[in-house]
Enquirer: 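One structure is given below, represented as structure tokens, and several questions about it will come after.
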Amino acid sequence: MVQLCGSTTQCDHPSLHAHSFALGSIEVVGAAGQLLVVDVRTDVHLAGVNLHDQCRVQNVDSSLGLASSPLLFNFNIVKIYHQFVIQVKKNNFLFSPGLPGTSGQAPQLFHSQTVTGSTTTALPGNTPLYNTPVTPMTPITPATPASESSGIVPQLQNIVSTVNLGCKLDLKTIALRARNAEYNPKRFAAVIMRIREPRTTALIFSSGKMVCTGAKSEEQSRLAARKYARVVQKLGFPAKFLDFKIQNMVGSSDSRNFFHQVFSLGSHYEPELFPGLIYRMIKPRIVLLIFVSGKVVLTGAKVRAEIYEAFENIYPILKGFRKTT
Amino acid sequence: MCRILMVHREIEQLSQTYYNKAYQHESFLKVSLQKKEVLAGCCVLVSCRLLNWPITMATILCLINADPTLVGEVYQEMISALKIEAPIVLITDVIETHIQEYKISSLHLPEEFAENSKDLTRCAVALVELAADSWIVTGRKPVPIIMAAVYLAWQSLRPTKQRLKTSLEKFCQIAKVNKYRPAVKRIAEIKEALCKLGKEIPWVREAVTPDNVVQHVEDILQHRYALLRRAMRTHQDALQEGRKAGFDNSLTEETDSVQSSELVEQTPNSSSVKQCEPNEEGAPQPRDGDNNPCTVSELHSGPHERNDVELNWGKRVLFAPPCVIRAKRRRVEQPELQDVTGDEEISDSEIDSYIRTPQEARDFALTQKMFEKS
């Protein structure tokens, strides 16, 4: 998913980096799960979209009262090219300057287009900064309506972090004197150490660098890394705790849908190699493994919010591909 | 490879082009000879896919006799290096070419075992389509499914005693193909799906079981969609009956609890207190009969609700992916550390528990030396 400055056209599909996941007719272009105040829910329908130019909102239903007031939306949009439907939730803070809360400030858009002066946008309504006029349109029933938050929270399963102990280490001494260590230099050039709580594993290298895996939260990972550093200290090394950093977070979720068509569309689905579909989301930069049971594994995140964001992005798409016998 | 597979000239040329490009790509410049051989196989595979020549990775694996992991790795690397978008091969397209490997025509086998490849293909394709509709295909390797379908098709086209007694292993021997172990599980899964439909055949009086379903395969495949509709309707009715029965049970329990609460009010003694306790859930002594029914029904609906949720997932639908129906039991996770900040004090005793005593360290070093010497 790219951060859109305006809705992309069909010909820009590749720029959505969905090459392995042909979003033929459904595209999620934004998510505003974090914005809670919803004043008016409108269905805005586009009569015509130029598929080879950035979509312009050409007609907006005047009965919605949008035509005259420039509006800025925080929205969940599901745009369907062939049915030209956008379902929008508006934050009443974001109405025209006459309404409260609009003091000309740009909203905190989650994924939506950036607010610029002359951006052409497919979105109905305008901020005061937008110049694109909107005109009434004929409503059509959305095939896949813009979704609320999925209500499913991915669970963190593994955190990988690194830390620099700041000194050279004699791995043989560590392996000899620590109970919870194993060291086989012919197989791997690091000591593998484990602690009970938090239940984690560490790879300790002679350079003093350490990798800590297996924690279920960022705090647990930090605590575990500190415990490993303390063990190394107790073994007589002047270990410090420098540059602790979370490198990777893995989450999993169960969207409880069976996905059949997904597998027939994605080119990163090789059942002879791996039973799941590998989907590489661009924004956030997360890799998702989607399985037929509906379980989804999300990996590659540096912060928890990326996991949540990625799942919220993928959920409406997967819902659209739901199939039962 | 292309000559062995007898592919079109264009496929041969395309695979040659891809190989030349990949060979000069930085990812494959300094790789081993084995990897380069695997690369050649991957180029043939992707060229076949791009030009709609149905072929599985298993065929390439057989040809180049390489480790599947290595082939997978090289294939993915080649795809991303050359920026190729290879379409997925449909399993039904692959069946016809795959069946040609099976030597079960009348030229190779006696009459009782021989089978016409066209009929076999037709039946196998229908079985694979049924398997796909029953969630047996998605996410699985295609070759074991094809093997299972061919085996069942072969049995069903002429369900004689001899054929029905022939195991998969024997079948693979007479057809001169390598047996794939997962095919045994696929056969069981396909049979299960066939049984679900076979039960709906109106003219079959006997119970349709995995042992006798092969005899009805032709009928099932011929009337597949009608049987599927009937089966789904039956399943829905059964679920509704189940829910209704569950509701009636809870109502019966409510009336029972009303009666028991009336008894409690009339006989306040220690046993009634014991009776009350499970009903209360921490609520005050029951004086009012109205409270109890709710509590009891809540108590009893709790497990029902939980069961219902579980039923909803794997059993609500007639067909579900086998990994959902037979979900693996999750390992009991250790209780999560609550409210961890990451900056807690670390006790010395905990750290000391991870460090050997001097005596232990000496013994360990000695033991290591002994192992090294031996």
Side-chain angles (χ1 to χ4, degrees), chain A residues 19-20 22 173 175-181 193-199 215-231 233-235 244 254 256 258-260 262-278 290-295 323-325, chain B residues 56-58 61 68-69 71-73 75-76 79 83-91 132-135 137-143 228 232 312-313 316-321 323-324 327 333-334 336-337 339-344 346 348 350-356 358 360-361 364-365 368:
Chain A
H19 55 85
S20 64
T173 305
L176 179 65
R177 294 182 55 203
R179 283 185 181 138
N180 54 334
M193 194 179 283
R194 293 181 173 87
I195 58 172
R196 288 178 290 270
E197 207 172 286
R199 192 185 166 90
K216 300 281 190 202
S217 73
E218 303 90 315
E219 296 81 16
Q220 284 184 28
S221 190
R222 186 182 165 80
L223 177 62
R226 285 177 54 227
K227 287 189 179 181
Y228 288 114
R230 184 68 69 83
V231 170
Q233 265 182 354
K234 283 248 174 178
L235 293 175
F244 174 81
D254 187 355
R256 301 207 164 183
F258 301 153
F259 307 115
H260 183 77
V262 158
F263 292 88
S264 62
L265 291 175
S267 62
H268 282 193
Y269 168 56
E270 294 287 344
E272 294 185 84
L273 297 177
F274 188 68
L277 175 85
I278 303 169
I290 304 165
F291 299 90
V292 66
S293 58
K295 291 194 167 42
K323 181 204 172 216
T324 55
T325 304
Chain B
T56 60
M57 206 171 278
L61 279 170
T69 318
V71 172
E73 187 194 316
Y75 181 76
Q76 300 280 24
I79 291 285
K83 293 183 178 42
I84 302 170
E85 285 181 30
I88 294 171
V89 174
L90 291 176
I91 189 172
D133 286 341
S134 319
W135 295 99
V137 172
T138 308
R140 262 84 175 274
K141 291 184 179 170
V143 174
L228 190 61
M232 289 180 77
N312 281 345
W313 183 227
R316 184 183 57 185
V317 290
L318 183 60
F319 293 112
C323 59
V324 169
E333 297 283 345
Q334 286 186 354
E336 294 284 334
L337 291 174
D339 301 324
V340 173
T341 62
D343 294 316
E344 284 89 345
I346 300 169
D348 278 342
E350 186 190 348
I351 301 300
D352 287 338
S353 69
Y354 292 122
I355 296 173
R356 290 195 171 109
E360 274 180 23
F364 182 75
Q368 258 192 330

Enquirer: If you look at every heavy atom in A/P271 and B/G139, which pair is closest and at what distance?
Expert: CB-C, 4.3 Å
Enquirer: Please find the pair of heavy atoms, one from A/S293 and one from B/V324, that lie closest to each other, and give the distance.
Expert: CB-CG2, 3.5 Å
Enquirer: Mind listing the closest non-hydrogen atom pair of A/L273 and B/G72 along with its distance?
Expert: CD2-CA, 3.3 Å
Enquirer: Between A/R196 and B/S353, is any pair of side-chain heavy atoms under 4.5 Å apart?
Expert: yes
Enquirer: How long is the span from the CZ atom in A/R177 to the CZ atom in B/R356, to the nearest 0.5 Å?
Expert: 11.0 Å
Enquirer: Which atoms of B/T69 are under 4.5 Å from chain A, going by heavy atoms: the side chain, the backbone, both sets, or neither?
Expert: neither
Enquirer: Given a strict heavy-atom distance threshold of 4.5 Å, which part of B/Q76 is in contact with chain A: side chain, backbone, both, or neither?
Expert: side chain
Enquirer: In Å, rounded to the nearest 0.5 Å, how long is the span from CD of B/E360 to CZ of A/R179?
Expert: 4.0 Å
Enquirer: Which answer fits A/A175, side chain, backbone, both or neither, if we ask what part of it has an atom under 4.5 Å from a heavy atom of chain B?
Expert: backbone
Enquirer: Distance from A/I195 atom CD1 to B/I351 atom CD1, nearest 0.5 Å?
Expert: 7.0 Å
Enquirer: Any chance you could measure A/R230, atom CZ, to B/E350, atom CD, to the nearest 0.5 Å?
Expert: 9.5 Å
Enquirer: Decide yes or no for B/T341 and A/R222: does some side-chain heavy atom of the first lie under 4.5 Å from some side-chain heavy atom of the second?
Expert: no
Enquirer: Considering all heavy atoms of both residues, which atom of A/E272 and which atom of B/P142 are nearest to each other, and what is their separation?
Expert: CG-CD, 3.3 Å
Enquirer: With heavy-atom distances below 4.5 Å as the criterion, would you say the side chains of A/M193 and B/Y354 are in contact?
Expert: no
Enquirer: Just how far is it from atom CD1 of B/I346 to atom NZ of A/K234, taken to the nearest 0.5 Å?
Expert: 11.0 Å
